[in-house]
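Here the structure is a predicted model, which is why all the values come from computation and not from measurement. So that the names make sense, note that chain A is the first sequence line, chain B the second, and so on, each numbered from 1.
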Amino acid sequence: MSRLHGQCHCGAVRVEIEGVAAADLPLRACQCGFCRRHGAVSTSHPDATITFTSARLTHYRFGQRRSDFLICAACGCYVGAAAQIDGGWYAILNVRGVDLPGFDGRHAEPMTYDDETPDERAARRKTRWSPADLTELQPSA
Amino acid sequence: VSDTLTWRAGGCHCGAVRFEVALSQHVEAQSCNCSMCRKVGFVHVIVPESRFRITAGADRLTEYTFNTRVAKHLFCSVCGVKSFYRPRSNPDGWSVNANCLDDLAGLDMAVEPFDGQNWEQNAASLAHLSEESA
């Protein structure tokens with residue numbers, strides 16, 4: 001079983017994507033203002049599972065405000081995003097932000113999602129994003 | 001005249017942090033392969049102290065340092081974006097993130113690779129970028 005590990009620069013946030021080999025994971029370059037400023041390229045696959053482990057995440061929401069963009073509070077790295085859809089968590093990883101291995105030299109496909117309605121966005125994420133384990137992220141309070 | 005400086009604005013994604021930087025039409029930028037720059041996709045435009053100013057959100061910046069702790073990595077505490085920082089190569093100046101400029105229109109920007117994985121051998125090549133002109 002393929003399992004890739006990554007982390008932010010300071011190591012406070014660790015991520016894992018399991019179930020699909022790097023060569024079979026897509027690489028997407030979202031063109032939105034957030035991803036561009038973070039230099040982000042994303043991956044996810046419906047047959048892979050993503051796990052975030054951290055106690056030091058900043059959650060940032062913008063636009064339709066239906067997903068949490070996850071940033072290490074200590075070093076500022078954008079590590080990935082998560083959204084709750086129909087009761088389940090789905091996520092993507094920022095391949096650069098966590099230095100996920102196996103993507104060097106790969107072309108990232110430019111993506112634009114500006115025209116999506118909230119329902120279209122949720123449907124796309126449910127199809128393309130990975131089921132996610134965010135147990136470590138639940139607020140303790 | 002190509003070396004006339006124009007003040008250009010930029011900032012983070014949420015709008016809390018704003019800056020202005022004076023650039024000539026021709027801009028020499030660097031894409032660095034070090035562990036930090038790779039993770040934040042930073043595209044460096046290094047300028048002298050006098051050509052940079054923070055116009056909003058200085059109190060929203062979080063500082064991150066590592067290794068020699070000379071570089072002062074600064075990111076927005078709300079959206080995480082690193083719009084600019086004090087680079088170790090040019091601690092007397094600033095490095096602005098080209099990805100955070102509002103508008104690239106009229107700029108002729110050349111992005112060159114910088115081998116930050118071998119920083120000690122290469123940093124001297126950047127020193128002139130933060131020198132104040134006479």
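Only the side chain of A:Phe62 has a heavy atom closer than 4.5 Å to any heavy atom of chain B. No part of A:Val79 comes within reach of chain B, as not one of its non-hydrogen atoms sits under 4.5 angstrom from that chain. With a 4.5 angstrom heavy-atom cutoff, B:Cys76 does not touch chain A via any of its atoms.
The salt bridge (charged side-chain N to carboxylate O under 4.0 Å, His left out) search around A:Glu116 returns A:Arg121, A:Arg124, not counting sequence neighbours.
The list of salt bridge (Lys or Arg N to Asp or Glu O under 4.0 Å) pairs with a residue in residues 16-27 of chain A, not counting sequence neighbours, reads A:Arg3-A:Glu16, A:Arg3-A:Glu18. Among pairs with a residue in residues 4-13 of chain A, none fulfils salt bridge (Lys or Arg N to Asp or Glu O under 4.0 Å), at least two apart in sequence or across chains.
Hydrophobic cluster membership is shared by B:Val111 and B:Leu23, with clusters built from Ile, Leu, Val, Met, Phe, Trp and Tyr side chains linked at under 4.5 angstrom. Placement of A:Leu134 and A:Phe69 in two distinct hydrophobic clusters is found when ILVMFWY residues are connected by side-chain heavy-atom separations under 4.5 Å, directly or transitively. The hydrophobic cluster containing B:Phe42 does not contain A:Val41, counting ILVMFWY residues as joined when their side-chain heavy atoms lie under 4.5 angstrom apart, directly or transitively. There is no path of hydrophobic side-chain contacts, each under 4.5 Å, that joins A:Tyr90 to A:Leu70. In the hydrophobic clustering of ILVMFWY residues, with side-chain heavy atoms under 4.5 Å counting as a link, A:Ile92 and A:Phe34 come out together.
Ranked by heavy-atom pairs shorter than 4.5 Å toward chain B, the options A:Cys8, A:Cys75, A:Ala73 are led by A:Cys75. Options A:Gly39, A:Ala74, A:Gly33 differ in how many heavy-atom pairs under 4.5 Å they form with chain B, and the most are formed by A:Ala74.
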Tell me which donor-acceptor pairs, judged by distance alone and kept under 3.5 Å, run between chain A and chain B, one pair per line.
from, atom 1, to, atom 2, distance (Å)
A:His9, ND1, B:Tyr64, OH, 2.7
A:His9, NE2, B:Ser35, OG, 2.9
A:Arg37, NE, B:Gly11, O, 3.1
A:Arg37, NE, B:Cys12, O, 3.4
A:His38, NE2, B:Cys79, O, 2.9
A:Tyr60, OH, B:His13, ND1, 2.7
A:Asp99, OD1, B:Arg38, NH2, 2.7

